[in-house]
Amino acid sequence: MHIGLLLAILDVILMGGRVVDGTGAPWFRADVGIAGDRIVAVGDLGKTPARRRIDVGGAMVAPGFIDLLGQSELSVLIDNRAESKIRQGITTEITGEGGSAAPMSAVMLAEMKPSLDHYKLTVDWSDLDGYFARFTRTRSTINLGTFVGAAQVRAKVLGLGDVEPTPAQLAAMEAEVDRAMRQGALGVSSALIYPPGSYARTPELLALAKVAARHGGIYATHMRSEDAAEMAALDEVFAIAQGARIPVEIWHLKAFGKANWGKLEAVLARIEQARAEGLDVTADMYPYIAAANNLSSHIPEWAQAGGTDAMLARFADPAQRARIVRELREGSGQYRSVGPENILLSSCIAPSVKKYMGKRLTEVAAMMGKPPEEALLDIVAADRSQTANILFAMSEDDVQRGLKRPWIAFDTDHGAQATDGPFAADLAHPRGFGAAARLVGHYARDLQLFSVEEAVRRMTSLPARRVGLADRGLVRVGMAADVVVFDPERIRDVATFDNPNRYAEGVRWVLVNGQIVLDDGKLTRARPGRPLRHATPR
């Protein structure tokens with residue numbers, strides 16, 4: 001029995017559960033006592049007074065799940081329920097993939113305007129302190145921590161063009177990262193297949209990573225390639241890890257495109273070799289065979305330089321449009337790797353393209369009576385680069401190869417939604433509604449790739465330690481009272497690619513900072529989520 005300093009009356013006692021403590025160790029039978037926002041007792045609490053006792057009936061009691069890449073920094077300001085996350089047991093999200101909530105600049109606001117107007121969101125902050133203040137005022141069911149995005153910093157200092165910084169500009173970018181780190185960023189991040197972040201060369205990224213390292217932060221990256229050039233992309237990751245002396249997290253590791261299926265084993269071996277040589281490099285994955293991003297991500301980098309207006313002007317120029325179409329068909333980019341038949345359009349803003357959502361690009365092209373490359377350009381133009389797509393690009397064998405590695409954590413790579421409200425019409429990737437439940441229910445319980453306890457570790461203590469959340473990720477006295485109670489026999493994802501906006505099943509209670517946000521399957525009005533800041537001298 002482990003009991004901390006007990007108050008006269010506890011706020012909540014979770015009775016009769018099988019505690020999965022987040023370490024990966026086998027479950028054990030115990031009650032969990034909560035006072036305020038902390039776990040204060042783990043053991044036999046049958047005689048301990050409490051304002052509320054919840055008999056969980058033998059369900060599993062685990063630390064709240066941590067989404068290592070969640071993309072909800074703006075969506076939680078629009079709909080603070082974050083219900084798709086809560087209903088799969090996620091209590092904390094880490095976000096900021098190359099782009100981030102701060103620093104905010106006029107150039108980024110202009111690019112974001114169609115989405116901001118559509119969802120009626122006003123950006124009233126410029127730095128991370130300002131964003132966290134807004135997050136706190138808006139209130140949320142989930143906690144949120146963020147990286148400062150290298151692309152976000154680049155856009156503020158350099159704009160959206162394919163240019164390299166002068167020494168003075170690089171110093172300004174370093175100062176932005178330093179400021180964000182002092183305000184609580186977990187580290188610096190990059191997303192190196194998306195302009196303007198893709199225009200950054202390794203020395204620029206190394207310089208920014210060194211700033212984060214001085215504050216004890218980490219470098220997280222969507223690598224420069226996840227397909228044919230993935231090994232070269234790894235070399236860049238390792239160069240930054242070594243040069244900045246910084247831990248590195250590789251986001252949503254994969255082998256992208258059918259031509260690369262089976263190659264993930266070599267990628268995993270290369271990372272393990274680097275780890276054996278002393279580099280602190282880990283990764284995370286979502287447990288699905290399809291990726292998702294923006295439809296405009298298929299457009300060649302040179303054609304995206306300068307932002308949306310400049311890109312659409314190139315679409316309107318016959319010679320440049322012909323070059324773009326030719327490179328889509330014949331080039332080595334993402335579009336060629338996946339193929340138009342494997343591109344599913346999922347969400348948009350412009351009413352004129354709504355009828356194409358939920359259809360493959362080949363179907364859309366047939367509806368339009370034109371080649372798929374031309375259809376792609378027309379949709380990107382009509383929706384001003386706001387259309388999302390799902391890409392069926394990975395093999396199940398590779399997904400399982402990666403998930404078996406004990407150093408690979410978990411992410412959804414998806415913003416929070418609900419089945420009603422402002423995002424109800426947006427078709428999600430099923431990972432947004434079911435990734436955590438799928439890891440536990442499908443891969444651990446059903447396929448037995450690893451134990452349920454190990455699945456929980458991948459979503460709790462492993463990501464918590466990775467980003468420096470010292471008081472989260474374990475059911476232990478003194479830890480923050482982020483707790484999920486789930487039925488190990490019933491937990492499962494029910495979201496599919498055909499019907500993606502469906503909540504996971506089997507999660508019964510969720511507590512965030514000691515407050516009950518999901519009460520025997522019913523969402524409450526509690527919004528106790530907090531900004532989670534990296535501890536660094538200000």
Side-chain angles (χ1 to χ4, degrees), residues 96-114 126-127 147-181 185 187-212 219-225 229 232-233 235-237 239-240 243-244 293-294 296-317 319-321 323-324 327-328 331-334 377 380-381 384-385:
E97 184 191 8
S100 55
M104 197 57 72
S105 60
V107 67
M108 289 305 295
L109 287 173
E111 288 294 295
M112 296 162 60
K113 189 176 188 304
S126 60
D127 62 2
F147 287 81
V148 56
Q152 198 79 14
V153 168
R154 171 174 254 270
K156 181 173 183 179
V157 177
L158 300 176
L160 302 175
D162 185 0
V163 296
E164 298 308 304
T166 65
Q169 289 170 326
L170 184 57
M173 295 168 70
E174 291 171 330
E176 290 289 347
V177 172
D178 182 79
R179 182 186 189 191
M181 292 300 301
V188 66
S189 67
S190 64
L192 300 177
I193 70 166
Y194 306 118
S198 58
Y199 302 141
R201 305 298 186 262
T202 305
E204 176 184 323
L205 298 169
L206 179 59
L208 301 185
K210 286 180 177 179
V211 177
Y219 172 65
T221 183
H222 177 151
M223 294 191 297
R224 206 174 290 275
S225 174
D235 288 340
E236 181 179 46
V237 169
I240 293 169
N293 55 23
N294 195 293
S296 63
S297 66
H298 300 287
I299 304 300
E301 286 184 9
W302 66 265
Q304 295 188 57
T308 301
D309 287 339
M311 178 179 67
L312 299 187
R314 294 183 184 103
F315 288 6
D317 176 79
Q320 294 189 79
R321 186 183 184 96
R323 179 185 170 190
I324 294 168
E327 290 186 11
L328 285 172
S332 58
Q334 174 182 274
L377 267 60
V380 170
R384 290 194 59 82
S385 197

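- For the residue pair Met181 and Ala212, the shortest heavy atom distance occurs at CE-O, 4.0 Å.
- Taking the side chain as every heavy atom from C-beta outward, Leu208 and Glu176 never approach each other to under 4.5 Å.
- No side-chain donor-acceptor contact under 3.5 Å links Asp162 and Gln304.
- Taking CZ from Arg154 and CD from Gln169, the interatomic distance works out to 9.0 Å, rounded to the nearest 0.5 Å.
- Salt-bridge formation is not detected for the pair Lys210/Glu174: no Lys NZ or Arg NE/NH1/NH2 atom is positioned less than 4.0 Å from an Asp or Glu carboxylate oxygen.
- Side-chain contact check for Val153 versus Val177: some heavy-atom pair is nearer than 4.5 Å.
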Test log, rule side chain to side chain contact (heavy atoms under 4.5 Å, CB included), inputs Glu204 and Leu170: CA-CA 7 Å; Glu204 176 184 323; Leu170 184 57; 4.2 Å; yes
Steps toward side chain to side chain contact (heavy atoms under 4.5 Å, CB included) verdict (Thr308, Glu111): CA-CA 7 Å; Thr308 301; Glu111 288 294 295; 2.8 Å; yes
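- Judged by a 6.0 Å distance limit and a 45° cone about the ring axis, Arg314 is not positioned over the six-membered ring of Trp302.
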CA sep, side-chain torsions, deciding dist, call: Ile299, Phe315, side chain to side chain contact (heavy atoms under 4.5 Å, CB included): CA-CA 10 Å; Ile299 304 300; Phe315 288 6; 3.8 Å; yes
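- The closest side-chain heavy-atom distance from Asn293 to Gln334 is below 4.5 Å.
- Pro196 places a side-chain heavy atom less than 4.5 Å from the side chain of Leu160.
- Counting only heavy atoms from C-beta outward, the side chains of Ser189 and Glu97 never approach each other to under 4.5 Å.
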Candidate pair Val211 and Val188, rule side chain to side chain contact (heavy atoms under 4.5 Å, CB included), full reasoning: CA-CA 9 Å; Val211 177; Val188 66; over 6 Å; no
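- In this structure, the side chain of Gln152 does not engage the main chain of Gly149 through any donor-acceptor pair within 3.5 Å.
- The CG atom of Leu377 sits 9.0 Å away from the CG atom of Leu312 when rounded to the nearest 0.5 Å.
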Steps toward salt bridge (Lys or Arg N to Asp or Glu O under 4.0 Å) verdict (Arg224, Asp235): CA-CA 10 Å; Arg224 206 174 290 275; Asp235 288 340; over 6 Å; no
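- Between the side chains of Glu236 and Thr202, at least one donor-acceptor pair of N or O atoms lies under 3.5 Å.
- A side-chain donor-acceptor contact under 3.5 Å links Ser190 and Thr221.
- Counting heavy atoms from C-beta on, the side chains of Met104 and Met112 come closer than 4.5 Å.
- Tyr219 places no side-chain N or O within donor-acceptor distance of the main-chain N or O of Leu205, the cut-off being under 3.5 Å.
- Side-chain atoms of Ile324 and Pro300, non-hydrogen and from C-beta on, do get closer than 4.5 Å to each other.
- Residues Met223 and Leu192 form no side-chain contact, since every pair of their non-hydrogen atoms from C-beta on lies 4.5 Å or further apart.
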Tyr194 and Asn294: CA distance, side-chain angles, deciding distance, side-chain hydrogen bond (donor to acceptor under 3.5 Å, both in side chains) verdict: CA-CA 10 Å; Tyr194 306 118; Asn294 195 293; over 6 Å; no
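- Going from atom CD1 of Ile193 over to atom CD of Glu301 covers 9.0 Å, rounded to the nearest 0.5 Å.
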